[in-house]
Amino acid sequence: MADAAGMIIAALALQLTPIAADRRWAAFEFDAHCEARVRAWRTREDPVEQPRLTFSFRESGGIELHANLRRVSREGSTAMLHIDGQPFALSTDGRNAWSGGGEASMIAALRVASRLNVVATDRAGRRFVDYYPLDGIQTAIDAAAACAAKKAGN
């Protein structure tokens, strides 16, 4: 619960509106979309290097996964999101990685998953893995999805 409180305090400092938090995941509302977010198990002092996963839910019904990687990825490489070993390819650019589809499948797999990580390759060609907690994910994803639906008038 302390992690959720920390995320809320950080969100308030950034002028974000938290709409739900459960253990390590939290949901936030923005003008045009809503997000479910989590920080990686490994915490970094520099916020730029802090690995995070964010599911963005749009009013249009679109969903996108964004991963903030702890290292800069090798140019032209892809990262892999693994949910209980099931791989999902992510496009990379610097410290960022994005989904290009399959978000509904990711969310369905996450609802029953026990392991979540992102594997990428840094500029020097070294493989690295960022591990993420799953406790609280259903609350945050459901809250972000409901928030986006409400923005869409549903």
Side-chain angles (χ1 to χ4, degrees), residues 1-8 10-11 16 18-30 33-58 60-149:
M1 199 64 154
D3 232 9
M7 286 182 83
I8 291 170
L16 301 180
I19 56 175
D22 185 8
R23 292 168 266 170
R24 298 191 176 268
W25 281 78
F28 300 95
E29 181 175 3
F30 297 88
H33 70 285
C34 302
E35 295 181 354
R37 293 181 177 182
V38 67
R39 288 185 326 184
W41 282 112
R42 178 185 299 196
T43 57
R44 310 290 284 202
E45 295 222 6
D46 183 350
V48 172
E49 295 177 358
Q50 179 59 51
R52 290 181 306 279
L53 285 180
T54 303
F55 279 97
S56 296
F57 293 81
R58 309 268 180 229
S60 64
I63 306 169
E64 180 181 64
L65 170 78
H66 172 259
N68 186 66
L69 306 170
R70 76 179 139 99
R71 295 186 197 158
V72 175
S73 62
R74 181 156 70 190
E75 190 172 329
S77 67
T78 54
M80 296 300 287
L81 174 78
H82 292 271
I83 303 170
D84 281 348
Q86 182 180 358
F88 295 90
L90 305 175
S91 302
T92 63
D93 182 16
R95 289 190 184 279
N96 299 294
W98 293 272
S99 59
E103 294 84 3
S105 296
M106 291 176 195
I107 290 169
L110 285 166
R111 290 190 180 282
V112 297
S114 60
R115 291 185 332 266
L116 173 62
N117 65 54
V118 174
V119 179
T121 305
D122 69 13
R123 290 184 291 192
R126 296 175 303 214
R127 180 179 170 266
F128 64 97
V129 183
D130 293 325
Y131 297 92
Y132 294 90
L134 289 166
D135 49 332
I137 190 170
Q138 291 91 346
T139 299
I141 284 180
D142 290 347
C147 170

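Small disclaimer: the values here were computed from a predicted structure and weren't measured.
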Problem set entry | With S77 via side chain to side chain contact (heavy atoms under 4.5 Å, CB included) - residues at least two apart | S73, R74, T92

Exercise. Between atom CD1 of I19 and atom OG1 of T139, what is the distance when rounded to the nearest 0.5 Å?
Worked result: 11.5 Å

For this session: Test the R39-Y132 pair against the cation-pi criterion, namely NZ or CZ under 6.0 angstrom from the six-membered ring centroid and within 45° of the ring axis.
Result: no

Exercise. Rounded to the nearest 0.5 Å, what separation is found between the CH2 atom of W98 and the CD atom of E64?
Worked result: 8.0 Å

For this session: Find the distance between CG (L134) and CD1 (I83) and round it off to the nearest 0.5 Å.
Result: 8.5 Å

Problem set entry | Non-neighbouring partners of R95 that pass side chain to side chain contact (heavy atoms under 4.5 Å, CB included), sequence neighbours left out | V48, E49, N68, V72

Problem set entry | Minimal non-hydrogen separation, W25 against G136, with atom names | CB-O, 3.4 Å

Exercise. Shortest non-hydrogen contact from P87 to M80?
Worked result: CB-CE, 3.3 Å

Seminar exercise, completed: From the list V119, N96, L65, side chain to side chain contact (heavy atoms under 4.5 Å, CB included) partner of L90 resolves to L65

For this session: Check L116 against P133 and note the closest heavy-atom contact, atom names and distance.
Result: CD2-O, 4.5 Å

For this session: Sort and list the pairs that fulfil salt bridge (Lys or Arg N to Asp or Glu O under 4.0 Å) and have at least one residue in residues 81-92, not counting sequence neighbours.
Result: none

For this session: To the nearest 0.5 Å, tell me how far F28 CZ sits from E35 CD.
Result: 8.5 Å

Exercise. Within a strict 4.5 Å, meaning less than it, do heavy atoms of the L81 and M106 side chains meet?
Worked result: yes

For this session: Under the salt bridge (charged side-chain N to carboxylate O under 4.0 Å, His left out) rule, collect the residues that match up with R52, sequence neighbours excluded.
Result: none

Exercise. Should we say atom CZ of R123 is surrounded by more than 12 heavy atoms from elsewhere, each under 6.0 Å from it?
Worked result: no

For this session: Applying side chain to side chain contact (heavy atoms under 4.5 Å, CB included), name anything that partners E103, two or more places apart in sequence or on another chain.
Result: I63, S99

Seminar exercise, completed: What one should report as the nearest heavy-atom pair of L69 and G94 is CD1-O, 4.2 Å

Seminar exercise, completed: Quick note, salt bridge (Lys or Arg N to Asp or Glu O under 4.0 Å) partners involving residues 108-120, not counting sequence neighbours, are R111-D142

Exercise. Listed by chain and number, what are the side chain to side chain donor-acceptor pair (under 3.5 Å) partners of T121, not counting sequence neighbours?
Worked result: none

Seminar exercise, completed: Closest heavy-atom pair, A144 versus A27, reported as atoms and distance to 0.1 Å, is N-CB, 4.1 Å

Exercise. Does R70 reach the side chain of R44, with side-chain heavy atoms less than 4.5 Å apart?
Worked result: yes

Exercise. If you look only at pairs with a residue in residues 72-147, which of them pass as a disulfide bond (SG atoms under 2.5 Å apart), with sequence neighbours excluded?
Worked result: C34-C147

Problem set entry | Reported CZ-to-CG distance for the pair R42 and D130, which is rounded to 0.5 angstrom | 7.0 Å

Exercise. What residues form a side chain to side chain contact (heavy atoms under 4.5 Å, CB included) with Y131, not counting sequence neighbours?
Worked result: W41, N117, V129

Problem set entry | Partner set under side chain to side chain donor-acceptor pair (under 3.5 Å) for D93, not counting sequence neighbours | none

Problem set entry | Residues forming a side chain to side chain donor-acceptor pair (under 3.5 Å) with R126, sequence neighbours excluded | D122

Problem set entry | Evaluation steps, side-chain contact (heavy atoms from CB on, under 4.5 Å), between I137 and I107 | CA-CA 9 Å; I137 190 170; I107 290 169; over 6 Å; no

Problem set entry | Heavy-atom closest contact (V38 atom, R24 atom, distance) | CG2-O, 3.4 Å

For this session: Not counting sequence neighbours, which residues clear ring pair (Phe, Tyr, Trp, His ring centres under 6.0 Å) with H33? List them please.
Result: F30

